[in-house]
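I have placed the structure first, in the form of structure tokens, so that the comments after it can refer back to it.
Both counts, for ligands and for their atoms, begin at 1 and track the order of listing. What you see is a predicted model, and the numbers here were worked out from it, not measured in a lab.
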Amino acid sequence: MKDASKNDSSKKNAGYKAAEYVEDGMVLGLGTGSTTHYFIEKVGMRIRDEGIKVLGIPTSFQSLLIAKKWNIPITTLEEHDINLSVDGADEVDVEFNLIKGGGAAHTKEKIVDYAAENFIVIVDESKVKKSLGDFPVPVEVLPDASRMVIQTLEDMGAICNIRMAIRKDGPVITDNGNFLIDAKFSEIESPSHLEIDLNSIPGVVENGIFSQMVDKVIIGTDNGTYEL
Ligand code: 5RP
């Protein structure tokens, strides 16, 4: 779905910068993806080098494993509220609407990111767009509902593909055991309406439009970062 190896130094700069906003005692939402990987790594370094104490709530098996590698203590939303969530995105527009889910993790990401007191998005410059829509909208669906959901999405004007796995035969299975439909709309006039409309289709678990909650966007470049 995406080439995570691109723009590595920009992603690292964005991820490391976001870690500067982490304060001792915080509960952190740990997003998913190659940019967030650097954020989690830097938080781990701050625990090791500065002795800060934080707890992490992962949004995927990927972020769980990275957090464990860096000895970040893990908790859950059952036990703690989140002070700060940091996450990547596949697209961000000028009004801070996002498309997420290139890594198939948008359902847990949305639960965690929307629950956070503060939500920082970290991206490289290639993700910043005037409006959303170059990237298909990932839609997580219960497998049994996929044909009916595709039909409805096509009626809404989308070109749909069930996301296929690369090193496994057959479809991508999300961390929640579901399928993913990538729905390409020619234009997305109102992200907030589309976010609601997609979730009202029976069988849809969650979609990758994030039209709420973003407090800050950190954009990484080869030489540093700037913020929106
Ligand atoms: C995973 C996501 C990622 O945050 C998004 O795909 C960006 O990933 P990357 O930082 O690797 O470009 O939404 O579901």
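- Geometrically, ligand 1 and G33 share no nitrogen or oxygen pair separated by less than 3.5 Å.
- Environment of CD in E125: crowded, with over 12 heavy atoms of neighbouring residues, nucleotides or ligands closer than 6.0 Å.
- For the pair K42 and Y16, the distance from NZ or CZ to the six-membered ring centre is under 6.0 Å and the angle to the ring normal is within 45 degrees.
- Using a 4.0 Å cut-off between charged nitrogen and carboxylate oxygen, K110 and E195 count as a salt-bridge pair.
- Of all non-hydrogen atoms in H106 and G208, the two that sit nearest each other are CD2-N, 3.7 Å.
- Around the CG atom of L65, the shell of radius 6.0 Å holds more than 12 heavy atoms that belong to other residues, nucleotides or ligands.
- Here S60 has no heavy atoms under 4.0 Å from ligand 1, in either its backbone or its side chain.
- When P138, S34, A105 are ranked by how near their heavy atoms come to atom 9 (P) of ligand 1, first place goes to S34.
- Evaluated by nearest non-hydrogen atom to atom 6 (O) of ligand 1, the leading choice among T36, D90, T59, L98 is D90.
- Residue D87 touches ligand 1 through its side chain alone, judged by heavy-atom distances below 4.0 Å.
- At a heavy-atom cutoff of 4.0 Å, ligand 1 is contacted by the backbone of A104 but not by its side chain.
- At least one heavy atom of K127 sits closer than 4.0 Å to an atom of ligand 1.
- Numbered from 1 in the order shown, with element, the atoms of ligand 1 that lie under 4.0 Å from a heavy atom of G101 read 2 (C), 13 (O), 14 (O).
- For D155, the CG atom counts as densely surrounded, since its 6.0 Å shell holds more than 12 non-hydrogen atoms of other residues, nucleotides or ligands.
- Taking every non-hydrogen atom of T35 and a distance limit under 4.0 Å, the qualifying atoms of ligand 1 come out as 9 (P), 10 (O).
- The contact set between ligand 1 and G88, taken as ligand atoms under 4.0 Å from a residue heavy atom, comprises 4 (O).
- An N or O contact shorter than 3.5 Å links K100 to ligand 1 by distance.
- Remark: D175 does not engage K108 in a salt bridge, criterion side-chain N to carboxylate O under 4.0 Å.
- Counting non-hydrogen atoms of other residues, nucleotides and ligands closer than 6.0 Å to OH of Y114 gives a total above 12.
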